[in-house]
Amino acid sequence: MAEKVTPRSEDYSRWYTDVVQRAELADYSPVRGSMVIRPYGYALWENIQSALDGMFKETGHQNAYFPLLIPLSFMQREAEHVEGFAPELALVTHGGGKELEEPLVIRPTSETIINAMFAKWIKSYRDLPVLINQWGNVVRWEMRTRLFLRTTEFLWQEGHTAHETESEARAETRQMLDIYARLAEEWAATPVIRGRKSEAEKFAGAVDTYAIEALMGDRKALQAGTSHYLGQNFAKVFEIEFLDRNNELQHPHQTSWGASTRLVGMAVMVHGDDQGLVLPPRIAPHEVVVVPIARSDAAERAAVIEAAGRVRDELAAAGIRVVLDDREEVTPGFKFNEWEMKGVPVRIELGPRDLAEAQAVVARRDQPGKESKQAFPLTGIAGAVREMLDEVQEALYQRALAFQKENSHHPASYEEMKDLLAESGGFHYAGWCGSATCEQTVKADTQATIRVIPFDQPDNPGRCIACDEPATDEVVFAKAY
RNA sequence: CGGGCUGUGGCGCAGUUUGGCAGCGCACCUGCUUUGGGAGCAGGGGGUCGCCGGUUCAAAUCCGGCCAGCCCGACCA
């Protein structure tokens, strides 16, 4: 596989690109801006996917699938929506050797086609709520791309719901944002800030956009999931109407919400180190790798391999995702480095010395080096490893949380914020008067944008960091991906 | 789309200044010895030098054009 990666401190961008490729998460494809997700990266995505999918279903959503190709005219119905997406649309103009009468867009998101269908399906308040999710791919013609973080085509899920009332729809929006926050925090071990987007940052066509924002290792913010309250905007233009309980015609209130393979990039950037990936156990394709240390003596070798197989079976029986690396063509030292590159949370080494003492040597990925290795008795090893995996999960979260706190600032003045942003990035909590002008001023001066207006607000938001007028909210400024 | 860098076996590069047999390291294949932190030795396979054109006896090398990728900015999950 691979040797070393560019050190994180030397060049974070290159470090990220190196790690993604050398850990075999993804590779560049022949098509500009698009990527191939390799089996190891896809396994990671599948774990994220199944965690989310489970939470969606627990909250009453059903999966469905809508087509990739959307009539251009559908996209044009909602004015803000088309304006927002027009620059990044990919168009299909020919099919079957002929020019199409109407161009088709490759979906950048599916609000329009889904709502066109909702209009057919929703007639009565008894049809509501409609709670639908779709797993699929979308295409947005991006100028600058980065593996997982921004590619022309990416995988995601998009939820689309319709409700009788605004309050019900708004509650749905918040519920789904909470699910994204749980995914980030409980599964990906990444603390996030929950909040609302400013007018400038919100989804094209939404009334309100909510998002979770996480802090990456280079102190830049990453939007890790969004949830939109769409109001009746789409319902009106797609003529979705239902008869309410008073026999009156109404437009439903709607939501949409999405999270993408970007979450894979987030996990890489939050936890990785100079040895490569560091994966939170709950989303890691393999939670444990067993590496037998077998010398040439045939009998000894057979005994070690057999014992390693038993350890593997015992862990698997305990529900742990475990892999036995019994390759003979590479040395144990090579395997250690390779699995560290791939971020496997726990490694078990088993050699003749261990067999003699009925033990195995266990190493944690989040505590690199030989020093942190410890020996566990083979008896009851599955339980001990289970416990260690939980500790690793928690330790990764606590470390990321400490990093986020260290890099969250409450600048006393605009000058201070500008200096801090130029030096080191991070989250900057500051008052904002609510004007787009001040938002733009900050962006022009510092490249930082309002990432979120957090739900958690202080009693008094103080004064606007840019204009010093009384603030309406405390917001989080940061440079973002 | 602007600025910068780079295109030479799978990967990383040298060779380009001064035109003259296409090389090195890693990876790959075979064999033997190895195996507790990226093994050793021996043998072997693999490249129309990004593409098109020009100059020349001769082009990876000089000239013109084009294309692609990466990094930095404006747009975005």
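Protein chains get the first letters and strands the later ones, always in sequence-line order, with residue 1 at the start of each. Side chains included, hydrogens not; waters and symmetry mates left out as well; all remaining heavy atoms used. Since the structure is predicted, the reported quantities are computational estimates derived from the model, not experimental observations.
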Can you tell me which residue pairs pass the side chain to side chain donor-acceptor pair (under 3.5 Å) test with a partner in residues 274-294 of chain A, sequence neighbours excluded?
A:Glu287-A:Arg386
What residue pairs, at least two apart or across chains, pass side chain to side chain donor-acceptor pair (under 3.5 Å) with a residue in residues 174-194 of chain A?
A:Gln157-A:Tyr180, A:Glu172-A:Gln175, A:Glu185-A:Arg194
Protein-nucleotide distance ([X], atom [atom1]; [N], atom [atom2]), rounded to Å:
X: A:Phe203; N: B:C75; atom1: CZ; atom2: P; result: 18 Å
X: A:Leu147; N: B:G69; atom1: CG; atom2: C1'; result: 12 Å
X: A:Tyr12; N: B:C71; atom1: OH; atom2: P; result: 14 Å
X: A:Trp141; N: B:C1; atom1: CH2; atom2: C1'; result: 16 Å
X: A:Tyr481; N: B:C75; atom1: OH; atom2: P; result: 17 Å
X: A:Gln21; N: B:G69; atom1: CD; atom2: C1'; result: 11 Å
X: A:Met341; N: B:C26; atom1: CE; atom2: C1'; result: 14 Å
X: A:Glu142; N: B:C1; atom1: CD; atom2: C1'; result: 14 Å

State the pairing partner of [N]; accept Watson-Crick or G-U wobble contacts with both distances under 3.5 Å, and report none otherwise.
N: B:G73; answer: B:C1
N: B:C66; answer: B:G50
N: B:C11; answer: B:G25
N: B:G36; answer: none
N: B:U55; answer: none
N: B:A42; answer: B:U30

Across all chains, not counting sequence neighbours, the salt bridge (Lys or Arg N to Asp or Glu O under 4.0 Å) partners of A:Glu158 are none
Counting primed atoms, P, OP1 and OP2 as sugar-phosphate and everything else as base, the B/S/- map of nucleotides 32-37 of chain B against protein heavy atoms under 4.0 Å is --SBBB
Using a 6.0 Å distance limit plus a 45 degree cone around the ring axis, check whether A:Arg451 lies over the aromatic ring of A:Trp432.
no
Over-ring placement of A:Lys197 relative to A:Tyr210, 6.0 Å and 45° cut-offs:
no
Neighbour count >12 (heavy atoms, 6.0 Å) for atom CD, A:Gln367
yes
Go through the structure and list residues passing side-chain hydrogen bond (donor to acceptor under 3.5 Å, both in side chains) with A:Glu340, not counting sequence neighbours.
A:Arg347
Qualifying residues under side-chain hydrogen bond (donor to acceptor under 3.5 Å, both in side chains), relative to A:Ser260, sequence neighbours excluded:
none
Check every strand shown and say whether [X] touches a base, only sugar-phosphate, or nothing at a heavy-atom separation below 4.0 Å.
X: A:Thr449; result: nothing
X: A:Ser13; result: sugar-phosphate
X: A:Leu149; result: base

Residue closer to the 5' end of RNA chain B, A:Arg146 versus A:Gln447 (nearest nucleotide)
A:Arg146
Using the 3.5 Å cut-off, write out each protein N or O paired with an N or O of nucleotides 9-12 of chain B and the distance between them.
none

Does A:Lys443 have a side-chain nitrogen or oxygen under 4.0 Å from the phosphate oxygens OP1 or OP2 of B:G73?
no
For B:C70, does OP1 or OP2 lie under 4.0 Å from any side-chain N or O of A:Thr17?
no
[M] and [N], which share atom name [atom1], separated by this distance in whole Å:
N: B:G47; M: B:C28; atom1: C1'; value: 15 Å
N: B:C52; M: B:A59; atom1: P; value: 14 Å
N: B:G19; M: B:A60; atom1: P; value: 14 Å
N: B:G15; M: B:C62; atom1: C1'; value: 16 Å
N: B:G23; M: B:U34; atom1: C1'; value: 31 Å
N: B:C26; M: B:A39; atom1: C1'; value: 15 Å
N: B:G2; M: B:C13; atom1: C1'; value: 30 Å
N: B:A22; M: B:G46; atom1: C1'; value: 13 Å

In terms of relative ring orientation, are A:Phe234 and A:His81 parallel, tilted or perpendicular, with 30° and 60° separating the classes?
perpendicular
Check residues 51-59 of chain A and write down every donor-acceptor pair under 3.5 Å in which the side-chain atom is one partner and the other belongs to a residue at least two apart or another chain.
residue: A:Asp53; atom: OD1; partner: A:Asn63; partner atom: ND2; Å: 2.9
residue: A:Asp53; atom: OD1; partner: A:Trp135; partner atom: NE1; Å: 2.8
residue: A:Asp53; atom: OD2; partner: A:Lys57; partner atom: NZ; Å: 2.6
residue: A:Thr59; atom: OG1; partner: A:Met55; partner atom: O; Å: 2.8
residue: A:Thr59; atom: OG1; partner: A:Phe56; partner atom: O; Å: 2.9
residue: A:Thr59; atom: OG1; partner: A:His61; partner atom: ND1; Å: 3.1

Considering residues at least two apart in sequence or located in another chain, which fulfil the ring pair (Phe, Tyr, Trp, His ring centres under 6.0 Å) criterion with A:Trp141?
none
A:Arg295/A:Asp297 ion pair, N-O < 4.0 Å:
no
